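Side-chain atoms are counted along with the backbone in the values below, which use heavy atoms only and exclude waters and symmetry mates. Since we're looking at a predicted model, the values are computed, not measured.
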Amino acid sequence: MTEGSTSHARISETEVEHDAFANLNYDIPDGMSESRSERPLPSFEFSTDGLSRTDQFAAWHNSFAPMLELSDLNPNTASFNGRQKLWDLGSLLLAQISTDRLAFSSLPGHVRRDPVDHWTMTVLLSGQIQTDAARTTFTGGPGEVQIHSLGRSFDGITERSEMLMLFVPRDLSLETSATLGAAEFSTLGTGMGQLFSDYLIDVSKRLPMLAQADLPGLATATRAMILACVSPSADHIEAAEGPIANVLLERARQLVQSRLLDPKLGSEMVRRELGISRTRLYHLFEPFGGVMHYIQHRRLLSAYAALTDPNDRRLIFQIAEERGFSDGAEFGRAFKRAFGYSPSEVRNRGGGGIPIRQDLEDCPSEERLGVLLRRLQG
């Protein structure tokens, strides 16, 4: 994709009019108080309109690059139409997507390692999606809910479709992790699945009327709907039973954060501090890829913050060593695997591909999905 086409993609983010989106957006009623509409929920739009045919798919491909590899199945058509509207819901992310036909696959070599490792709950408004995973093949049509795990291997084909895609982080809650982990790579063909589909469509209609102060209640309601509408297996129910598990997980997070630079921090320290068995610790951190994977990811995030701090001019190897990486090459590989940029690129670019600012208005529009997904990872 040329520099000129990239610039065109960045400035082409106008109010996108589309049949499917027109049904999902509503004006704030006249009777709503002005204070409630002063701080609307942040949303960001991106469209391939106005680009050449080659650059249209390239821009669409780049937008999804942090989570999927896309392939153009009809490169000889006159145009490739792709539109997305992203709603930043704090602990969740909702995308309204319209796309022409394409193939998709998970990113090779990123299983359980890439930071963009969320579940997606997709409600098709039109079209069809077929997915081939390790042990199953499943298809979803309009009104059905499909569950994918971005941290596992899969591929498939999306026909020309419109959809709502809810991104759920693995650490939203232990119960949610167990529930979605048991149901990943499936279509919810039950009445409760249809109930969740109706709920997500209704949420998308109401988002333009909500304010940022509504986010905690929205997250709580959505989590409750996930738990109520997705059927978990007996094994995962047992692993997630009781409020004690959530208390332990929160204590573990606080411990890791407070001792992040301690070279002795590891699974055994966490187990001793929590006073639990190794089996219990395993189940507690299983949704996050294990204790050591969780600790390493937090250390990489800490290193990222140090590299983008203009007041921290230490050598990169010093920052890495402080966070338990004695091998500079190992640190570089882990860092690039997590963020898509090398440590030196992040330092030289003042943040690389993951802006630490809260305002995404000046972020290239085709990069916003990746920025929000990585931010959702924490």
Side-chain angles (χ1 to χ4, degrees), residues 1-13 42 44 46 51 55 58-70 84 86 88 93 107-110 112-118 150-151 169 256-257 260-261 263 293-378:
M1 183 169 171
T2 64
E3 181 177 352
S5 65
T6 301
S7 300
H8 196 163
R10 293 177 183 177
I11 64 176
S12 67
E13 106 197 39
F44 309 94
F46 169 61
L51 300 177
D55 290 338
W60 196 241
H61 174 278
N62 291 344
S63 176
F64 287 87
M67 58 178 274
L68 293 171
E69 176 65 28
L70 303 185
Q84 65 179 221
L86 309 175
D88 183 0
L93 174 65
L107 301 181
H110 284 222
R112 283 291 190 185
R113 292 186 178 275
D114 193 274
V116 181
D117 184 11
H118 310 306
L150 297 181
V256 169
Q257 194 61 36
L260 196 59
L261 304 184
H293 182 266
Y294 180 82
I295 291 174
Q296 184 189 68
H297 179 62
R298 289 293 166 178
R299 283 174 167 167
L300 288 171
L301 287 171
S302 173
Y304 190 98
L307 290 170
T308 56
D309 183 353
N311 298 317
D312 191 340
R313 304 314 301 169
R314 289 176 297 166
L315 297 175
I316 291 177
F317 87 85
Q318 292 175 309
I319 292 174
E321 194 172 44
E322 184 181 41
R323 285 154 182 82
F325 291 90
S326 57
D327 186 328
E330 178 193 352
F331 172 70
R333 288 192 296 268
F335 192 94
K336 188 166 186 177
R337 190 166 56 230
F339 303 117
Y341 292 85
S342 69
S344 58
E345 286 176 319
V346 167
R347 168 161 278 179
N348 293 336
R349 298 185 185 192
I354 310 175
I356 58 175
R357 58 184 176 271
Q358 293 299 312
D359 186 5
L360 296 181
E361 288 298 335
D362 58 344
C363 174
S365 57
E366 67 190 68
E367 297 178 12
R368 284 180 178 151
L369 177 58
V371 171
L372 288 168
L373 288 174
R374 288 184 174 116
R375 178 183 295 174
L376 195 65
Q377 182 72 16

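The main-chain N or O of Ala58 is found under 3.5 Å from a side-chain atom of Asn62 such that the two form a donor-acceptor pair. Of the possible donor and acceptor atoms, none in the side chain of Asp309 sits under 3.5 Å from a partner among the backbone N and O of Ala305.
Residues Asp312 and Leu307 are not in side-chain contact: their nearest non-hydrogen atoms beyond the backbone lie 4.5 Å or more apart. Considering only heavy atoms from C-beta on, Leu369 comes within 4.5 Å of Met67 through its side chain. Using a 4.5 Å cut-off on side-chain heavy atoms (C-beta onward), Gln84 and Phe64 make contact. Contact check for Leu260 versus Arg299: side-chain heavy atoms found under the 4.5 Å cut-off. Put simply, the side chain of Phe335 does not reach to within 4.5 Å of the side chain of Ser342, judged on heavy atoms.
Considering every non-hydrogen atom in both Ala338 and Leu300, the closest pair reads CB-CD1, 4.0 Å.
Note: His297 and His293 have parallel aromatic rings, judged against thresholds of 30 and 60 degrees for the angle between ring planes.
Take Pro42 and apply the side chain to side chain contact (heavy atoms under 4.5 Å, CB included) test, not counting sequence neighbours, and it matches Phe44, Asp88, Gln212.
Listed by first and then second residue, the salt bridge (charged side-chain N to carboxylate O under 4.0 Å, His left out) pairs involving residues 327-336 amount to none (not counting sequence neighbours).
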Contacts under 3.5 angstrom, residues 315-326 side chains, donor-acceptor by atom type, not counting sequence neighbours:
residue	atom	partner	partner atom	Å
Gln318	OE1	Leu315	N	2.9
Glu322	OE1	Arg314	NH1	3.0
Glu322	OE1	Arg314	NH2	3.2
Arg323	NE	Ser302	OG	2.9
Arg323	NH1	Ile319	O	3.0
Arg323	NH2	Ser302	OG	3.1

